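Please read the structure below before turning to the comments.
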Amino acid sequence: MVDLYADNAYRFVVKHLKDADKAQDVIQDVFEKIWLKIEDISFEKSKSYLFTAAYRTMVDYIRREKKMSSIEDTSYIEPEQSNQYNDVQEQLNKALETIPDIQKSVILLRDYEGYNYAEIGEITSLTEAQVKVYIYRARKSLQKHLVSIDTII
C-alpha cells in the first residue's frame with residue numbers, strides 16, 4: 001500500500017495545505033493510524049481507506065491550526081496582488097484557494113486523483129449526489145475565477 005499509494009495521498013494533502021512539511025506530518029499520522037489497524041484493512045480497500053484517513057486527518061489538522069491561530073491572535077498580512085502574467089498552474093492554484101474546502105477536496109479527488117463519485121462520497125462521508133453538486137459548484141467557481149478579467153491581465 002505504501003509503495004502504490006503514498007505519493008498520491010501526499011500530493012492530495014500537499015495540494016490542500018500548501019506546505020510540504022505539514023503534509024508529511026499528516027501522512028505520517030495517517031500511516032501510524034493505518035499501522036494500528038492493519039489487521040482490519042483488506043488490500044482491496046486499502047487505497048480508499050488511505051485517502052479517507054488522509055482526508056479526515058487533514059481536516060483535523062486544519063481545524064487544530066485554525067484554533068491555534070485564533071488563540072495566538074496573530075495578525076494576517078495580506079499577500080501582494082500582482083497583475084503580471086502568471087503561469088496556468090499558479091492561476092489554477094490561486095483559483096483553488098478561493099473555493100470552500102469541501103469543494104476543493106472533491107475537485108482534487110476527482111480531477112487530480114481520478115476517483116469516481118462513489119469513492120469520493122466514501123472518502124468524504126458525502127452522498128454521491130452531494131459529491132456531484134460540490135464538483136459542479138467548484139467547477140463553476142473555478143471557471144468564473146479563471147476567466148475573470150483580472151486573471152487574464
Side-chain angles (χ1 to χ4, degrees), residues 1-79 86-146:
M1 178 173 59
V2 173
D3 291 338
L4 293 175
Y5 309 124
D7 290 339
N8 293 345
Y10 172 75
R11 279 195 317 268
F12 172 68
V13 174
V14 83
K15 274 283 191 196
H16 271 283
L17 298 179
K18 302 288 185 217
D19 186 327
D21 293 332
K22 291 177 184 178
Q24 288 173 351
D25 290 344
V26 168
I27 293 299
Q28 183 174 349
D29 289 347
V30 168
F31 279 112
E32 180 183 357
K33 290 175 186 178
I34 289 173
W35 183 255
L36 294 174
K37 293 186 176 208
I38 195 75
E39 267 120 56
D40 300 334
I41 305 168
S42 68
F43 181 73
E44 295 79 30
K45 298 276 185 174
S46 64
K47 183 177 181 183
S48 177
Y49 190 91
L50 172 64
F51 274 86
T52 301
Y55 173 76
R56 292 183 178 157
T57 304
M58 179 184 62
V59 168
D60 291 343
Y61 187 86
I62 291 169
R63 286 181 183 153
R64 261 194 323 268
E65 286 229 325
K66 284 182 180 178
K67 191 181 289 186
M68 292 301 290
S69 67
S70 67
I71 290 172
E72 293 171 357
D73 198 33
T74 59
S75 61
Y76 176 73
I77 299 172
E78 188 69 31
N86 293 309
D87 69 317
V88 174
Q89 186 65 42
E90 186 177 334
Q91 289 300 324
L92 185 56
N93 288 337
K94 285 181 183 179
L96 280 170
E97 293 303 316
T98 65
I99 61 177
D101 285 339
I102 188 65
Q103 290 179 8
K104 184 176 176 181
S105 295
V106 295
I107 204 80
L108 289 174
L109 286 169
R110 178 72 177 159
D111 294 339
Y112 281 87
E113 299 300 330
Y115 281 100
N116 64 39
Y117 297 120
E119 291 171 325
I120 296 169
E122 187 178 320
I123 290 169
T124 58
S125 301
L126 298 170
T127 67
E128 199 170 325
Q130 288 173 312
V131 169
K132 290 177 182 179
V133 168
Y134 283 132
I135 288 174
Y136 174 79
R137 289 178 182 167
R139 287 181 177 157
K140 281 298 189 187
S141 295
L142 291 173
Q143 180 183 27
K144 187 176 178 182
H145 180 80
L146 291 173

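Everything quoted here is computed from the prediction, not taken from an experiment.
- Nearest heavy-atom pair, Phe12 versus Ser105, reported as atom, atom and distance to 0.1 Å: CE1-O, 3.8 Å.
- Interatomic distance, OH of Tyr115 versus CG of Leu108, reported as 12.5 Å (0.5 Å rounding).
- Here the closest non-hydrogen pair linking Asn116 and Ala118 is OD1-N, 3.1 Å.
- Here CG of Leu109 is found 5.0 Å from CD1 of Ile123. Values are rounded to the nearest 0.5 Å.
- For Asp111, the salt bridge (Lys or Arg N to Asp or Glu O under 4.0 Å) partners are Arg139, not counting sequence neighbours.
- In terms of heavy-atom proximity, Leu146 sits nearest to Ala95 at CD2-CB, 3.9 Å.
- Of the inter-residue distances, the one linking Tyr112 atom OH with Ile107 atom CD1 reads 9.0 Å to the nearest 0.5 angstrom.
- When all heavy atoms of Leu96 and Ile99 are compared, the closest pair comes out as O-CG1, 3.2 Å.
- Residues Asp60 and Arg63 have side chains in contact (heavy-atom distance under 4.5 Å, counting atoms from C-beta outward).
- A donor-acceptor contact shorter than 3.5 Å links the side chain of Lys18 to the backbone of Lys15.
- Considering only heavy atoms from C-beta on, Leu17 comes within 4.5 Å of Met58 through its side chain.
- Nearest heavy atoms, Tyr117 versus Lys132: CD1-CE, 3.7 Å.
- Across all non-hydrogen atoms, the minimal contact from Ile120 to Thr124 is O-OG1, 2.7 Å.
- Residue Leu92 holds its CG atom at 10.5 Å from CD of Glu97, rounded to the nearest 0.5 Å.
- At least one side-chain heavy atom of Gln143 sits less than 4.5 Å from a side-chain heavy atom of Lys140.
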Below 3.5 Å, can you tabulate the donor-acceptor pairs from side chains in residues 49-56 to any protein atom, sequence neighbours excluded?
{"residue": "Thr52", "atom": "OG1", "partner": "Ser48", "partner atom": "O", "Å": "2.8"}
{"residue": "Arg56", "atom": "NH2", "partner": "Ser125", "partner atom": "OG", "Å": "2.5"}

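- Distance NZ/Lys144 to OG1/Thr98: 10.0 Å, rounded to 0.5 Å.
- Taken to the nearest 0.5 Å, the CZ atom of Arg110 stands 9.5 Å off from the CD atom of Glu119.
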Just list the side-chain donor-acceptor pairs under 3.5 Å for residues 22-37, sequence neighbours left out, or say none.
{"residue": "Lys22", "atom": "NZ", "partner": "Glu65", "partner atom": "OE1", "Å": "3.2"}
{"residue": "Lys33", "atom": "NZ", "partner": "Thr57", "partner atom": "OG1", "Å": "2.9"}

